[in-house]
Amino acid sequence: MFKSTKTNRRTGENRSDSGQAINTSSHSLASRIQSWRSHHRLVAKQSIQRLLVTPVSSLMTILVLAIAITLPAALNIVITNVAQLTGQTNDHVQMSLYLQKGLSDTQGIKLANQIADWDNVTSTRYVSPQEAKDSFKSMDGFAEIIDNLPENPLPGVVIVIISEQSLSVNDAEMLRERAAALQKVAIAKIDLAWLQKLHAIIGLAQQVAAVLTALLAVGVVLVVGNTIKLAIDSRREEIIVTKLIGATNAFVRRPFLYMGLWFGIGGALIALILINACKYALTNAIESLSLVYGTDISLAGLGFTNSMTLVLMGAMLGWLGAWLAASQHIRALEPR
Amino acid sequence: MFKSTKTNRRTGENRSDSGQAINTSSHSLASRIQSWRSHHRLVAKQSIQRLLVTPVSSLMTILVLAIAITLPAALNIVITNVAQLTGQTNDHVQMSLYLQKGLSDTQGIKLANQIADWDNVTSTRYVSPQEAKDSFKSMDGFAEIIDNLPENPLPGVVIVIISEQSLSVNDAEMLRERAAALQKVAIAKIDLAWLQKLHAIIGLAQQVAAVLTALLAVGVVLVVGNTIKLAIDSRREEIIVTKLIGATNAFVRRPFLYMGLWFGIGGALIALILINACKYALTNAIESLSLVYGTDISLAGLGFTNSMTLVLMGAMLGWLGAWLAASQHIRALEPR
Amino acid sequence: MIRFEGVTKRYDSGQEALSDVSFELESGEMAFLTGHSGAGKSTLLKLIMLMERATSGEVWIDNQNLAKLSKRHIPLLRRKMGVVHQNHQLLFDRSVYDNVALPLIVAGYHPRDIGRRVRGALDKVKLLHKEKMNPQMLSGGEQQRIGIARAVVNKPPFLLADEPTGNLDPALSAEIMQLFKEFNQVGVTVLVATHDLALIARMHHRSLILRDGSLIGNGATKLAPNNDANMDDN
Amino acid sequence: MIRFEGVTKRYDSGQEALSDVSFELESGEMAFLTGHSGAGKSTLLKLIMLMERATSGEVWIDNQNLAKLSKRHIPLLRRKMGVVHQNHQLLFDRSVYDNVALPLIVAGYHPRDIGRRVRGALDKVKLLHKEKMNPQMLSGGEQQRIGIARAVVNKPPFLLADEPTGNLDPALSAEIMQLFKEFNQVGVTVLVATHDLALIARMHHRSLILRDGSLIGNGATKLAPNNDANMDDN
Ligand SMILES: Nc1ncnc2c1ncn2[C@@H]1O[C@H](COP(=O)(O)OP(=O)(O)OP(=O)(O)O)[C@@H](O)[C@H]1O
Ligand SMILES: Nc1ncnc2c1ncn2[C@@H]1O[C@H](COP(=O)(O)OP(=O)(O)OP(=O)(O)O)[C@@H](O)[C@H]1O
Ligand SMILES: [Mg+2]
Ligand SMILES: [Mg+2]
C-alpha cells in the first residue's frame, strides 16, 4: 500500500522490544504478587478512611445494620432462654397433687417417695403448707393478707415430675387419674394443655425467628447493597476513567467490597453491644422475677463463639451485599 | 481611545433596547409570580419523583426517621397512660383498712360511711370478704387453692380515698394512725412511700422523655441533613452549573428543601403507623392485666390532633434539617 | 461596559494568574483575548462573571464595582452574561433542550416563552435536530455548540466565550464567529478567548494579548492587514 | 497494527456515525484523522479502544479481531493504548501526580517504579512543577497536557489522541506534536484526531479524512507540499 510500510515494520519491531522491556521490568510474578498485596492493604485502609470522611452517613448505615442484626439475634436469645426457663417442663411434664388438709409433713414425704417409684415418674418433691405459704408471702401484697389469716389455708403439695419422652397425652391423663384416686390426694392437676401450648408457641417462635433471621439477613444484604450502590454512583466518574485506563472489574470492585466488609463488621459489632445491653437490662428485670418463681435463673447470653460467628456472618453478609451491588452497577458503568 | 467607541455607543443603545424588551416581555410581576408558583409545583413533584427513583435508600432514611420519631412519641404515650392508670392515686392517696375477722358486711359498710365524713377523706368503699375472694379467684392459679380452702380466709376491707392536695406525708400518717386505732380495724395500710416513688418515677420518666424527645428531634434534623448533604453531593455539578447560569441560592436550595419536607412527613407517617401498631399490641397485653386489676383500662392513643401535630413536627424538622444542610453545603459549592 | 483597573489575581496556590491588568471594553464592543496556555485568559473571564474575585485592583461592569457587589446580587450579574465555558459545563442528566432552557428557567421565564427561545438558539448552532438527545451522545464539537446556544438563549447584554471553537473545524469556527459578530451588531458586548490566531486575523477586531498574566497587547490584531470600520484608526 | 474492514457504527439513536470505513495503520505508523465536527472521528477512536463496538465490519488490533475479544480481555487491550480524550477524563478528586500514576497503578506496577515514570511523563509536557496541584486548578491547556502525560506514562505501543491540542496555543501544539512524533520514532503507533489543518500540513504524515461517517481521504495530506521519508511515494 505504502512504501513506508517497510519503515514502519522496522520501528514496529522497536515497539515490541520496548513492549517486552516493560513486561520484564515490572511484571515478574513475585513483583506482581507483592504489588497486588500492597494494593489490597492500601485499598482496605482507604475504604475505612472514606467511611470516616462521612461519619454521620456511615454511622447511619451501620446503625440500621446493627438493628437488623440485633433483632433476630435477640429473638433467638429470648427463645433459647425461654426454652431453658421451661427446661424442666420441656423435658418433663409436671403434675401437682394437692393433698388433703391435715396431713402431716411426714405423711406427705412418704406419699412423695411412694409415687416416685411409679412408672413414667422421674422424681417427686413434697412442698409443705409452710413452704407454700412462704413462697406466697414473697409475692408482693400477699404478705399482709396471709399474715392476717387465722391459720395457714394452704394444703401440702406433691410435685410429680413425669418423663415426657415416653408419655402420650393419654398416658399422662391416666397417671393423673391414678393419683387422684389416692385417698390422701384432694386434687391432682396436670397442665398438659398449657405445656402443649407452650411447646407450640416456642416452636412457632423458633420458626418466626428463622424466617425473621432470613428476612433480616436479606435486609442486611439490601442495605449494604444500597449503600454501596450510592457509593458507586458518587464515584461514577472515577470508575469510568479507571476502566478506560485498563482497570479490570475486580480492581474497580475491590474498594467497594472492602467497604461492604467494614459495614458488615461494624454493624455486627454494634449489634453485639446492643444485645449485651439488652441482656443486662433483662437480667435485672428477671432477677426480681427469679425471686418470685423461687428458682435461680441466669440468662444465657451469646458467648464468645457465638459472638465471633455473629461478626463473621455480618462480614459475610456485608461483603455479599457489596459484591452484588458492585457486580451489577460496576458492569453497567461502561465508559462512553 | 477608539473612534469605534461612538459606533459601539450606538449599538450599545440597541442593546439596552433589546434588554428592556426582554424585561417587559417576561418579567411582569403577575407573570413572575405565576412562573414562580408553577416552578414550586414542579420542584415539589420532581423531588418526590427523585425519592422514588432510589426507593431502597429513601425508605431506609424514612425508616430511620420513623424510628427516631416513634421512640419519644411512644415513650410519651406510655407515660401518659401510666399517669392515667395511676390516675386515682395521682390525685388521691388510697388507704386500705383490713377489718377484724367476723365483722358483718353491714358493720363494714357502716364503718366505711363513718370514715367518709372524716377530714381529708374524699370517699370510702367497702370490699366484702366475698368480693375479695372473687377477685382473687379471677387470678390465674388461685381459683383451685381458694376453692379448696375450708372457709374464706380473707377479711373485709374498707378502701379510703384521701384527697392528696391538702395532705402532707405527716397528715397521711396521722390519718392512718387514727384509723388503725379503731377497734374494728385490724391493719391500716397507706402506701405513701410507693406513691411518692411512683410520682418520682413518673416525673423522672417525663424528664427523660423530654430530653429524649429533644435528642431525637436533633437526630431527625441530623439524619435529614445528612441525607440532603449526600443528595447535594451527588448533584454537585448540576448545582454549580445552575449557579453559573445565575441561579439564586434559594432556587438551588428549593428541591432539597422539598426533599427534606417529604422525608419528615414520610417519617412521621410511618411513625404513626408504628405507634398505632404498638398501641394495638399493648392494648391486647393490658386487657388481660385489666381483668386482674378489676378496672377497665383503655389506652390513650395519639388522637387526630396529636397525630396531625406529629406530622407537622416531622415536616418542620425535615425542612429544618434540609435547610441547614442546604444552606451550608450549597453556599460552599461555588463554581470554580 | 467591562473595565479592569490594575487587576491582579493570585490564586491560593500562590500562582499569580493576572498581574496588574488594565483595559476597558465599551458597551457593544467585540474583542478577542489571546495568549499562551496558562497565560490567564480563563482567569480574566472568571473575574468578570465573579467565579473568582480579584486579589487587588478593580473590575467594573456597567459602572458597577464587582468588589462591592454583594453575594445576593451575583446571580443577577450572571444573568446578564452569556458564557461559553472552556469545558462546556453541560449537564449530562438531561436533554440538550433542557440544558439550553436552563438560563430561562433560572431567570423565571414563563414556560410559554421558553420553547420558542430554546429552539431559536439551537437553530442558530445548527443542532435543532438533536434537541431530544443527551449531550453525552454528541460529538465534542456539538457539545461546544450546545454551550454556545445556552450562552445566547436569553439574549444577554454580555457574551463571554472561552475557547468556543477549540473542538470545531475551521468552517464551523468561522460560522460561530459570524454568529458572535451578529450578536455584537445588535449591541451585545462580546469577549472571546481563543488560540485561533488565524481566526482573529480574519475577524478584524480588537484583541487583548496576555503573557504570563500581563497584558502585552491591547488593540487591533497585528495579524490583520485590513481594518474594518471599527478599527480604522489603529 | 490497526485495521478497519468495512466498519459501520450506528448508535442506538439511529445516528450512523461511521459508514463502511476501511483502512489499515501499520505498527509504528503515525497518522492524522480529520473531518468536520460530528464526522465520526471520536467514534472511530472509541471503536479502537472498545468504548463502543462496531455495528458491522471488523476492527483488528495486532491481528486480534475486537469483535471476538471477550469482556475479560478488554482491560488488557486498553493497557496497550495510551489515550488522550477529547474531554480530558481527568479525576478532580486527586492530585495531578495521582492522575498520571493511575495507568501504572491499574497495571500493577511496583510503587518504586511509579514515581520515576510519572515525573518523567510530567516533565515531557512541562508540568512537573504542578504535580501536587489538583487538575481543577489548572488552565484548560494544562489539563489537556496532563491527559497527554497520562496517555504516555506507561509507554504503550499505541497512542490515540482526540483533539489533543484544541486548547493549546500554536507554539505548544507544535511541541506536543513533536512529542507524539518522538514516540512514533521509538515504534509507537500513533493516531491523532484533529481539526488543526495547518498542523497536519506541517507534519507531513498520512491523514484519514472523514465526512459524515465516510472515509473520503486516506493518504498523505493534500495540504503538505513536501513529503518526508514515510510519505515519499504519495
Ligand atoms: N483555581 C486555581 N488555583 C490555582 N491556580 C490556578 C487556578 N486556576 C488557574 N490557575 C493557574 O493560573 C494560571 C492561569 O490559568 P488560566 O486558566 O487563566 O489560563 P488560560 O490562559 O485560560 O490557559 P489555557 O489557554 O490553557 O486555558 C495557570 O498557570 C493555572 O495553572
Ligand atoms: N453515544 C452516542 N449516541 C448517539 N449518537 C452519538 C453518540 N456519540 C456520538 N454520536 C453522534 O455520532 C456522530 C459522530 O460523533 P463523533 O463524536 O464521532 O464526531 P467527531 O468527529 O468526534 O466530532 P467532533 O470533532 O465534534 O468531536 C455525531 O453526529 C454525534 O452526534
Ligand atoms: Mg483557559
Ligand atoms: Mg470528537
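In what follows, chains are A, B, ... by sequence order, proteins preceding strands, each numbered from 1.
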Heavy-atom cut-off 4.5 Å, strictly under: side chain, backbone, both or neither for C:Q15 against chain D?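 The side chain, not the backbone.
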
Report which part of [X] has an atom under 4.5 Å of a heavy atom belonging to chain C: side chain, backbone, both, or neither.
{"X": "D:N87", "result": "neither"}
{"X": "D:K130", "result": "side chain"}
{"X": "D:Q143", "result": "neither"}
{"X": "D:L172", "result": "side chain"}
{"X": "D:S42", "result": "neither"}

Under the criterion salt bridge (Lys or Arg N to Asp or Glu O under 4.0 Å), I'd like the reasoning laid out for C:E58 against C:R3: C-alpha separation, chi angles, the key distance, then a yes or no. CA-CA 8 Å; C:E58 290 176 356; C:R3 189 167 73 239; over 6 Å; no

So which residue, D:L168, D:D162, D:T43, D:T34, ends up with the most heavy-atom pairs under 4.5 Å with chain C?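 Greatest number of close heavy-atom pairs with chain C: D:L168.
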
Top of D:S37, D:G166, D:S139 for chain C proximity - count of heavy-atom pairs under 4.5 angstrom: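 The option with the most such pairs is D:S37.
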
When you measure from the side chain of C:R145 to the backbone N and O of C:P164, does any donor-acceptor pair fall under 3.5 Å?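 Such a contact is absent between C:R145 side chain and C:P164 backbone.
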
Could you walk me through whether D:E163 and D:K41 pass salt bridge (Lys or Arg N to Asp or Glu O under 4.0 Å), step by step? CA-CA 9 Å; D:E163 209 74 65; D:K41 303 178 293 298; 5.4 Å; no

Under 4.0 Å between a Lys/Arg side-chain N and an Asp/Glu carboxylate O for C:K9 and C:E52?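 C:E52 and C:K9: salt-bridged.
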
Apply side chain to side chain contact (heavy atoms under 4.5 Å, CB included) to D:I114 and D:Y97, showing your working. CA-CA 10 Å; D:I114 291 178; D:Y97 178 96; 4.0 Å; yes

Are D:K181 and D:F183 in a cation-pi contact, defined as NZ or CZ under 6.0 Å from the six-membered ring centre and within 45° of the axis?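 The answer is no, since D:K181 fails at least one limit relative to D:F183.
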
